[in-house]
Amino acid sequence: MVLPVSPSSSLSLPILSSSTHHILPASDPPYKLLQSHPSLHFLSKCKSLQDLKQVHSQIIKTGLHNTHFALSKLIEFCAISPYGDLAYALLLFESIEEPNRFIWNNIIRGCSLSSNPIVALELFVRMILCGTEPNSYTFPFLFKSCAKIGATHEGKQIHAHVVKLGLENDAFVHTSLINMYAQNGELGNARLVFDKSTLRDAVSFTALITGYVSRGFMDDARRLFNEIPVRDVVSWNAMIAGYAQCGRFEEALALFEEMRKANVQPDESTMVTVLSACAQSGSVELGNWVQSWIENRVLGSNLRLVNALIDMYSKCGDLETARGLFDGLHQRDVISWNVMIGGYTKMSCYKEALTLFQLMLRSNVEPNDVTLLGVLSACAYLGALDLDAAEQVFNNMNLKSLASWNAMISGLAMHGHPDKAIRLSEEMANEGIKPDDITFVGLLSACTHAETLMKNMEMKPDGAIWSSLLGACRVHGRVELGAGRWDDVARIRNRLTNMGMKKVPGCTSIEVDGVVHEFVVSDKVHPLRKDVYKMLDEIDRLLEVAGFVPDTSEVLRDIDEEWKEGALSHHSEKLAIAFGLISTKPGTTIRIVKNLRVCGNCHSATKLISKIFNREIIARDKNRFHHFKDGFCSCRDYW
DNA sequence: GTAGGGTTAG
């Protein structure tokens, strides 16, 4: 972990050579005089490094560079403003013989915001060695850095400094400390700091709640939430987002209702979260209501909100409305493009997805790894020619992030090009890019020597990894795998389970006459369950007559996301379909929403059901839409 | 003069 503290060599300060140091006077001229100085006024107008250099030159010409104030402001701007430049800030910082505490704090702050926050910790060490005592402003920046990079060990040492300096009772230091422990998974320590102090407000509560939420301890989080003396909008948002992130959409939406009843004004974050919950649970009606709520307020043209709306409509199957919103945007960011492309892909409109991607390439928005993944899965249907196009896009990417390598590798592996995937991973290694656990998951689906890879890889318990791993395995369940690999899969699953990954129970909902009915695996609570199970028996009988043989092999059960109950015929989607068949008129389209991906068995069964009962069945699973008709599915058995 | 908790795409 050796990281450069010195800035890149291509930068240079105006007039001053790098060997010239600022030796600052003991005190600055009067503050008011400096504050209103025109050169410093221009600082806030800078929009590029060039502008910045001009202002810097001006500051030197007017002699201001010999003041703490001007240098502080320059460093602050360079380090923090989006138009600044951290490398320049560091160059400037290194030129100061004896930086004061304010300057130290601001350069540390800048580094804590950067993509390389470890530099902030290195600077802290230097600050101490130089004999500058940190204060209550220094520590929040440091703890934020530790939280960002998972530096618990370093965080604990810095905690000791806080105790030594008697700063434990500063509210900002206190909360950032709790947050550091909570973010780094040390919930016991976070709780200890929280419990030991009398400093308890919505902010410190929320920091702890978020920690519990991130580890899936929703009940503990909720208990804390109920204890908050005065809840503010952020604490509500955190709790609502917690429910939405772990798939408990109904609770998320119920809490949003409670929030409104408590007369707390929702803000942009609230609405983005609520829309995400609507999108994921398929609650298009509530989503509609949210849209009008937004439009009646000043939030209407907010890009993030419109992105969330586009996503909500496309995930609910209303591509037309989604596209209308997309076309109406004056400015689009990478998320706008990605949600719209993803919307088309999920509905099997691959040509539209790729056409939109072509438009994106002509816009000024650079595609990222998420775009690439979406485009790749669209290409997978449209033949090798388009896959070549995706490869071309990848090859032309200016900045290939680890994520984009991963997207390409897993894309190739999952879409029938395992050899290319493995070759690409070798290329990646040759470029000096270290693979991570996600690369591994991608490769696992292509690789014949998973054993070797596993030994070299540290898996992190992450839901995304978990599901992509299972997805990779499922797809390859059809591609004749060597039996040995399933052992690897089982072992990884055990490791993840031991690390605290909780399985989300499968659940399918169906709306009939405006009422949403929910079914879980082997449901025992629905009032009409007797009739439902009776219908299920009939379905199974007819399926058997039609020649359907459920696959009960170890492989399928292993990868099935509702494997726990083992009852293949009682999966929630089949229960919901059975309910749909008995509670709607013949010929009516059945629409269901599942919180997980549909399993292979249910998918095959549903295809046949659509034929036997002459019903169109539109199933939305976690990843995409399946439109079953006449024994076929729109996804063409790829999902 | 600087500081703490929440937010969308996969």
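Computed from a prediction, not measured in an experiment: that's the story for all the values here.
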Checklist entry - Would one find a side-chain N or O of Asn179(A) under 4.0 angstrom from OP1 or OP2 of dG5(B)? => result yes
Checklist entry - Can you tell which of dG4(B), dT2(B), dA9(B) lies closest to the side chain of Phe102(A)? => result dT2(B)
Item to check | Minimum-distance nucleotide to Ala207(A) side chain [options: dT8(B), dG5(B), dG4(B)] | outcome: dG5(B)
Checklist outcome for this item: Of the candidates dA9(B), dT2(B), dT7(B), the side chain of Ile335(A) sits closest to dA9(B)
Next on the checklist: If you compare every side-chain N and O of Lys73(A) against the phosphate oxygens of dG1(B) (OP1, OP2), does one of them come in below 4.0 Å?
Outcome noted: no
Next on the checklist: Looking only at the side chain of Thr175(A) (C-beta and beyond, no hydrogens), which of the listed nucleotides dG5(B), dG10(B), dG4(B) gets closest?
Outcome noted: dG4(B)
Checklist entry - Has Phe172(A) got its ring stacked on dA3(B), by the test of a centre gap below 5.5 Å and a plane angle below 30°? => result yes
Next on the checklist: Using the side-chain heavy atoms of Tyr137(A), tell me which of these nucleotides is nearest: dT7(B), dA3(B), dA9(B).
Outcome noted: dA3(B)
Checklist entry - Do Phe326(A) and Val306(A) come close enough that some side-chain heavy atom pair is under 4.5 Å? => result no
Checklist entry - Does the side chain of Lys315(A) get closer than 4.0 angstrom to OP1 or OP2 of dG10(B) through an N or O atom? => result yes
Next on the checklist: By nearest atom, which of the nucleotides dA9(B), dT2(B), dT8(B) is closest to the Val339(A) side chain?
Outcome noted: dA9(B)
Item to check | Sugar-phosphate, base or nothing in reach of Thr138(A), heavy atoms under 4.0 Å | outcome: nothing
Next on the checklist: For a quick check of understanding: with a heavy-atom distance under 4.0 Å over all strands, which category does Ala202(A) fall into, base, sugar-phosphate or nothing?
Outcome noted: base
Item to check | From dA9(B), dT2(B), dG5(B), nucleotide with atom closest to Asn368(A) side chain | outcome: dA9(B)
Next on the checklist: Taking 4.0 Å as the cut-off, does a side-chain nitrogen or oxygen of Lys346(A) come that near to OP1 or OP2 on dG10(B)?
Outcome noted: yes
Next on the checklist: For dG10(B), does the base pair up with any side-chain atom of Asn338(A) as donor and acceptor (N or O, under 3.5 Å, distance only)?
Outcome noted: no
Checklist outcome for this item: Of dT8(B), dA9(B), dG5(B), the nucleotide closest to the side chain of Val272(A) is dT8(B)
Checklist entry - What nucleotide, of dG1(B), dG5(B), dT2(B), holds the atom closest to the side chain of Arg109(A)? => result dT2(B)
Checklist entry - Does any donor-acceptor pair link the side chain of Asp170(A) with the base of dG4(B) at a separation under 3.5 Å? => result no
Checklist entry - For Gln280(A) and dT8(B), is the shortest distance between a side-chain N/O and OP1 or OP2 below 4.0 Å? => result no
Item to check | Ile240(A) CD1 - dG5(B) C1' separation (whole Å) | outcome: 15 Å
Item to check | Out of dG5(B), dG4(B), dA3(B), whichever nucleotide has its closest atom nearest the side chain of Asp201(A) | outcome: dG4(B)
